[in-house]
Amino acid sequence: QVQLAESGGGLVQAGGSLRLSCVGVPHTFSPNVVGWFRRAPGKGREFVAHIGWRSDVTEYADSVKGRFTISKDNTKNTVYLEMNSLKPEDTAVYYCAATHNFFKDYSVGRAYDSWGQGTQVAVSS
């Protein structure tokens, strides 16, 4: 298990942009996959995107495809989530998650063994 720390959340107007960061500790951070999930007020956890740590393979939820981009910098143990054209329905706490396991489907929360504390994103209309 590793420690994950998210940052970059905040309040933005609809149509605006934010970039979230997820830093992994320790220095030997080397998961299989890193993902972003979110939980909107009164709703369940929702998959957003994931990326292979040793590959550039990515997957996105349909709701964010074309607006969000997940990327990584292995030298900084960091995964980013660039969010553009934000909508009020993107308002949620965003969580970074990492897994050292191998699953068929990395869009489900149970695939991940480490989670960050979350960062709040609020989009006003």
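Only this structure's heavy atoms are used, side chains among them; waters, hydrogens and symmetry mates stay out. These figures come from a predicted structure and were not determined experimentally.
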**Asked** Looking at T99 and N101, what are the two nearest heavy atoms and their distance?
**Response** OG1-N, 3.0 Å
**Prompt:** Counting only heavy atoms not in D105, do more than 12 sit closer than 6.0 Å to its CG atom?
**Reply:** yes
**Prompt:** Is the closest side-chain heavy-atom distance between S30 and R54 below 4.5 Å?
**Reply:** yes
**Request:** Look up atom OG in S107 and atom CD in E59, then write down how far apart they are to the nearest 0.5 Å.
**Result:** 5.5 Å
**Asked** What pair of heavy atoms forms the shortest contact from W53 to D73, and how long is it?
**Response** CH2-O, 4.2 Å
**Request:** State whether D90 and K87 are salt-bridged, where the test is any N-O pair (Lys NZ or Arg NE/NH1/NH2 against Asp/Glu carboxylate O) under 4.0 Å.
**Result:** no
**Message:** Using the ring centroid of each side chain, check whether W36 and F47 are separated by less than 6.0 Å.
**Reply:** no
**Request:** Report whether Y95 and V2 are members of the same hydrophobic cluster (ILVMFWY, side-chain heavy atoms less than 4.5 Å apart, transitive linking).
**Result:** no
**Prompt:** With a cut-off of 6.0 Å (strictly less than), are more than 12 heavy atoms of other residues, nucleotides or ligands near CD of Q3?
**Reply:** no
**Prompt:** Which pair of heavy atoms, one from D113 and one from H100, lies closest together, and at what distance?
**Reply:** OD2-N, 3.2 Å
**Message:** Does any part of the side chain of M83, heavy atoms only, come nearer than 4.5 Å to the side chain of V121, both counted from C-beta?
**Reply:** yes
**Message:** On a heavy-atom basis, which atom in S63 and which in E46 lie closest, and how many Å separate them?
**Reply:** OG-OE2, 3.4 Å
**Request:** Apply side chain to side chain contact (heavy atoms under 4.5 Å, CB included) to the pair I51 and V79, showing each step before the final yes or no.
**Result:** CA-CA 8 Å; I51 187 167; V79 172; 4.1 Å; yes
**Prompt:** Should Q13 and S125 count as side-chain neighbours, where that means a heavy-atom distance under 4.5 Å?
**Reply:** no
**Request:** Only counting residues at least two apart or in another chain, list the ones meeting side-chain hydrogen bond (donor to acceptor under 3.5 Å, both in side chains) with S17.
**Result:** N84
**Prompt:** Would you call V93 and T119 a side-chain contact if the rule is heavy atoms closer than 4.5 Å?
**Reply:** no
**Item:** Y112 ring center near F37 ring center (under 6.0 Å)
**Value:** yes
**Asked** Can you name the nearest heavy-atom pair linking A49 to L81, along with the distance?
**Response** CB-CD1, 4.4 Å
**Fill in**
residues 79-125 vs disulfide (SG to SG under 2.5 Å), sequence neighbours excluded, gives C22-C96
**Side-chain heavy atoms of I70 within contact of Y80, under 4.5 Å** = no
**Item:** Nearest atoms (heavy-atom pairs only) where K65 meets Y60
**Value:** CE-O, 3.6 Å
**Request:** Give a yes or no on whether F103 and W115 share a hydrophobic cluster (residues Ile, Leu, Val, Met, Phe, Trp, Tyr; joining criterion: side-chain heavy atoms under 4.5 Å apart).
**Result:** yes
**Request:** Answer yes or no: are there more than 12 heavy-atom neighbours, outside Q117 itself, under 6.0 Å from its atom CD?
**Result:** no
**Message:** Against F29, only a single residue in T78, N74, V34, V23 fulfils side-chain contact (heavy atoms from CB on, under 4.5 Å); can you say which?
**Reply:** V34
**Asked** Can you name the side-chain hydrogen bond (donor to acceptor under 3.5 Å, both in side chains) partners of Y106, sequence neighbours left out?
**Response** N32
**Request:** Assess the side chains of Y94 and R38: does a donor N or O sit below 3.5 Å from an acceptor N or O?
**Result:** yes
**Message:** Given 3.5 Å as the limit, does a donor-acceptor pair link the side chain of S21 with the main chain of S7, or not?
**Reply:** no
**Prompt:** Heavy-atom distance under 4.5 Å between the side chains of L18 and L86, does that happen here?
**Reply:** yes
